[in-house]
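Scope of the values below: all heavy atoms of this structure, side chains included, with no hydrogens, waters or symmetry mates.
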There are 2 protein chains.
Amino acid sequence: MTDIHKPAERRRLSMVDVAAHAGVSVGTVSNVLNRPELVAEPTLRRVRASIKALGFVPSAPARQLRGGSGRSVGVMVRDIGNPFFSEVLPGIETRLSQEQLLLVLCSSSDSIEKEAHYLQILEQHRVPGILITPAGQDISHLVELRRRGIGMVLLDRPGADSQLCAVAVDNVRGGELAGAHLLALGHRRIAFLNGPSIVRQCADRREGLVKAVRAAGLDPGEVITEITLPALTPREGEAALELLPLGKGGPTALFCVNDTVALGALRGLERRGITVPHDMAVMGYDDVEFAALLSPSLTSVRQPKHQLGQAAAELLLTDARGDSGHWHQEIVFQPELMVRASTGA
Amino acid sequence: MTDIHKPAERRRLSMVDVAAHAGVSVGTVSNVLNRPELVAEPTLRRVRASIKALGFVPSAPARQLRGGSGRSVGVMVRDIGNPFFSEVLPGIETRLSQEQLLLVLCSSSDSIEKEAHYLQILEQHRVPGILITPAGQDISHLVELRRRGIGMVLLDRPGADSQLCAVAVDNVRGGELAGAHLLALGHRRIAFLNGPSIVRQCADRREGLVKAVRAAGLDPGEVITEITLPALTPREGEAALELLPLGKGGPTALFCVNDTVALGALRGLERRGITVPHDMAVMGYDDVEFAALLSPSLTSVRQPKHQLGQAAAELLLTDARGDSGHWHQEIVFQPELMVRASTGA
DNA sequence: CGCTGGTATTGAAATGTTTCAACTAGCTTG
DNA sequence: CAAGCTAGTTGAAACATTTCAATACCAGCG
């Protein structure tokens with residue numbers, strides 16, 4: 001037994017080993033890797049052969065130590081499980097992978113502490129930039145990080161006072177589109193299943209809806225019945241129906257702040273034998289992937305999620321590069337109304 | 001103009017600066033950070049004060065250079081957009097964040113080249129481990145990486161010949177559950193909308209279905225009509241209906257390999273005026289979040305996605321730690337049948 | 001007073017790169 | 001043939017940490 005010993009703890013290979021194997025100096029190996037045009041053809045071949053033969057893999061940390069900031073950017077979302085983010089992420093990934101950047105995914109789970117902790121680790125890692133949907137209202141800590149040289153772009157939230165770059169969709173306009181659509185169909189009593197108004201997106205969509213009603217020369221107070229849900233889930237969407245007078249004189253249309261909420265509402269209406277869109281028109285928001293596939297298919301307000309992600313990544317790239325001439329840019333996308341069966345196409 | 005000059009390119013602070021500020025050596029600063037119990041109380045306070053005052057943030061790359069492998073693990077999925085992965089990811093994230101590990105998200109987009117490229121970068125970054133749903137059949141490159149000291153766990157795929165750790169759900173059993181359910185309801189002509197059989201999951205579910213039919217003493221060749229879809233999307237699911245004899249003598253039940261496919265099938269059936277479940281029973285697989293919310297609600301086979309992610313992360317942790325005594329462990333979860341309206345509850 | 005043991009701190013080596021000034025060898029040119 | 005040029009290569013410093021042997025100081029003890 002005693003003569004069985006572990007295989008000698010092989011030290012990881014470094015450029016020194018490659019240099020020795022190829023009979024050149026480390027500087028040359030580095031040149032082969034980074035500026036091959038400086039190296040003579042035969043040497044180039046020899047060194048590359050050695051790299052292959054030994055299975056050498058350069059160390060990113062060592063590179064970064066010398067070179068400054070690294071090649072992975074942070075992406076902080078509030079909840080990875082949310083389908084909205086899963087549809088935004090591909091856009092981000094696409095753009096980042098083009099730049100050979102790694103995507104470090106952090107989920108704050110809506111906790112300020114967790115967010116702060118992740119931010120700290122990201123700073124330690126010397127990431128060149130961070131893409132974030134902040135958990136809280138206050139973004140001063142983000143401005144501070146930006147000041148310390150980390151690129152920073154707000155995702156799906158307007159950049160308060162243009163202190164930071166931001167990418168968002170115009171939620172007021174989206175609410176307006178939805179409202180105008182329902183009014184054009186003749187609805188005069190609209191129930192609005194909204195989320196808590198501290199959530200910026202909810203407040204904005206509401207504002208848009210009100211605007212549309214006013215533009216039609218009507219009184220928002222009479223037309224809109226707003227119900228505030230504690231959470232934006234199907235369950236809450238269904239439960240909210242309890243609070244509505246569903247018979248004669250009740251609302252003829254339902255605007256849900258979210259497709260997920262709309263899902264629950266649809267289910268609840270079906271249970272009660274209320275047919276959509278005949279007895280009640282229903283609208284959602286976000287146009288998530290399955291919205292078009294429900295029966296009845298759901299009228300919704302589309303957000304260009306893939307583009308949103310791509311634009312955010314793009315903006316982060318320029319912010320992280322620190323090009324002077326670049327200041328707090330804000331990109332606002334326009335939402336698009338998708339009319340489908342649930343409002344009577 | 002000429003007297004306006006950039007603020008002197010502030011060099012990032014290092015432990016040297018902190019040491020100078022606190023009047024101690026760098027070694028002591030390092031001790032304060034890593035082994036505070038070795039440092040005398042007053043010194044500790046003084047150094048900590050300096051760190052705070054200067055706003056010093058230690059450099060992860062430098063740490064890693066000295067210390068060996070880093071604190072971020074790679075997670076490679078085939079497609080971030082896939083709702084299946086978005087439901088697995090939270091499980092992974094939860095576990096990793098407990099260990100203070102960063103999650104580096106890579107999407108191979110089903111391209112072997114892109115996967116290889118990402119793997120290369122991850123190796124350069126000296127990640128301690130990688131969680132991966134491989135794009136291709138061949139996993140020898142993964143075994144090789146494992147041999148070079150990178151923890152490796154297969155996600156949602158059995159570890160071929162136990163060469164690697166793996167976490168998966170028993171797809172054969174899942175197919176069997178689905179088949180048995182439909183047979184118990186009296187269906188004797190079942191259409192199976194499957195994906196390409198090179199995809200392991202598809203082949204396994206098929207095997208389960210066949211097994212169930214045999215177990216009922218019937219001939220799979222007669223009972224099952226299999227249609228192979230080029231891609232697992234709603235569009236293809238709907239298109240597949242064209243290939244089925246839908247009238248009298250045609251199948252009375254539809255087993256879709258995927259909820260997404262089932263979605264398309266449901267839509268197609270509705271268009272054709274075929275009512276579910278009366279004229280045709282429909283089943284999906286995965287039990288994604290909205291399956292229960294479709295109308296009719298979709299019978300499906302649930303996979304414990306959150307647990308799957310958590311278990312995978314757990315396994316990766318032990319594999320990466322390189323505890324000897326740990327070899328190619330394989331965790332297989334059991335799927336669960338969720339009976340709903342689409343098969344006539 | 002010299003030793004021992006213990007605690008707190010230090011200084012320097014080591015980690016794996018990149019970069020750059022300096023050097024060499026081989027040519028061309030006047 | 002000396003001087004100058006070019007292309008290719010080298011060696012060492014720098015990057016920010018960790019670790020560890022060495023040192024300094026002090027108290028207690030024989």
Asks: Starting at atom CG of A:Leu33, determine the distance to atom P of C:dG16, rounded to an integer number of angstrom.
Replies: 15 Å
Asks: Nearest heavy atom decides the nucleotide; on that basis, is B:Leu65 or B:Glu41 closer to the 5' end of DNA chain C?
Replies: B:Glu41
Asks: Does a nitrogen or oxygen in the side chain of A:Ser30 sit under 4.0 Å from OP1 or OP2 of C:dT17?
Replies: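 Looking at the OP1 and OP2 atoms of C:dT17, neither is under 4.0 Å from any side-chain N or O of A:Ser30.
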Asks: Classify A:Thr28 by what it touches in the nucleic acid, base, sugar-phosphate, or nothing, heavy-atom distance under 4.0 Å.
Replies: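 Base contact - A:Thr28 has a heavy atom under 4.0 Å of at least one base atom.
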Asks: Name the nucleic acid region contacted by A:Pro61, choosing base, sugar-phosphate or nothing; use a 4.0 angstrom heavy-atom cut-off, strictly under.
Replies: nothing
Asks: Between atom CG in B:Leu38 and atom C1' in C:dT9, what is the gap in whole Å?
Replies: 10 Å
Asks: Tell me: CD of B:Glu37 to P of D:dT19, nearest whole Å?
Replies: 12 Å
Asks: Under 4.0 Å between any heavy atoms, over every strand shown, what does B:Ser14 touch: base, sugar-phosphate, or nothing? Just pick one.
Replies: sugar-phosphate
Asks: Can you see if the side chain of B:Ser25 gets near the phosphate of C:dT10 - specifically, an N or O under 4.0 Å from OP1 or OP2?
Replies: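 Affirmative; the distance criterion is met.
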Asks: Under 4.0 Å between a Lys/Arg side-chain N and an Asp/Glu carboxylate O for B:Glu41 and B:Arg48?
Replies: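 Salt bridge: no.
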Asks: Measure CZ/B:Arg66 against C1'/D:dT18 and give the value in whole Å, please.
Replies: 5 Å
Asks: Consider the side chain of A:Met15, meaning its heavy atoms from C-beta on, and name the nucleotide among D:dT10, D:dT18, C:dT18 that approaches it most closely.
Replies: C:dT18
Asks: Counting side-chain heavy atoms from C-beta on, which of C:dT17, D:dT17, C:dT10 comes nearest to B:Val24?
Replies: C:dT10
Asks: Nearest to the side chain of A:Thr43 - C:dT9, C:dG16, D:dT9?
Replies: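 Nearest listed nucleotide: D:dT9.
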Asks: Taking only the side-chain heavy atoms of A:Asn31 (C-beta and beyond), determine which of C:dT19, C:dT10, C:dT18 contains the nearest atom.
Replies: C:dT19
Asks: Side chains of A:Gln100 and B:His117 only: does a donor on one sit below 3.5 Å from an acceptor on the other?
Replies: yes
Asks: Indicate whether any N or O donor in one side chain lies under 3.5 Å from an N or O acceptor in the other, for A:Lys114 and A:Ser109.
Replies: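 Yes, because at least one side-chain N or O of A:Lys114 sits under 3.5 Å from a partner of the opposite role on A:Ser109.
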Asks: What is the distance from CG of A:Asp17 to C1' of C:dG16, rounded to the nearest Å?
Replies: 10 Å
Asks: Rounded to the Å, how far apart are A:Leu13 CG and C:dT15 C1'?
Replies: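 These atoms are roughly 14 Å apart.
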Asks: As an exercise, state the distance from CG of B:Leu131 to SG of B:Cys165, rounded to the nearest 0.5 Å.
Replies: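 So the CG of B:Leu131 and the SG of B:Cys165 are separated by 10.5 Å.
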Asks: Rounded to whole Å, how long is the line connecting atom CG of A:Asn34 with atom P of C:dT18?
Replies: 4 Å
Asks: Grab the CZ-P distance between B:Arg46 and C:dA8 for me, whole Å please.
Replies: 14 Å
Asks: With rounding to the nearest 0.5 Å, note down the distance linking CG in A:Leu164 to CZ in A:Arg157.
Replies: 11.5 Å
Asks: If you assign each of B:Ala40 and B:Val26 to its closest nucleotide in DNA chain C, which residue comes earlier from the 5' end?
Replies: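 Whichever sits nearer the 5' end wins; that is B:Ala40.
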Asks: Mind checking if A:Val39 touches a base, just sugar-phosphate, or nothing, with heavy atoms under 4.0 Å?
Replies: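 Here A:Val39 touches the backbone only, sparing every base.
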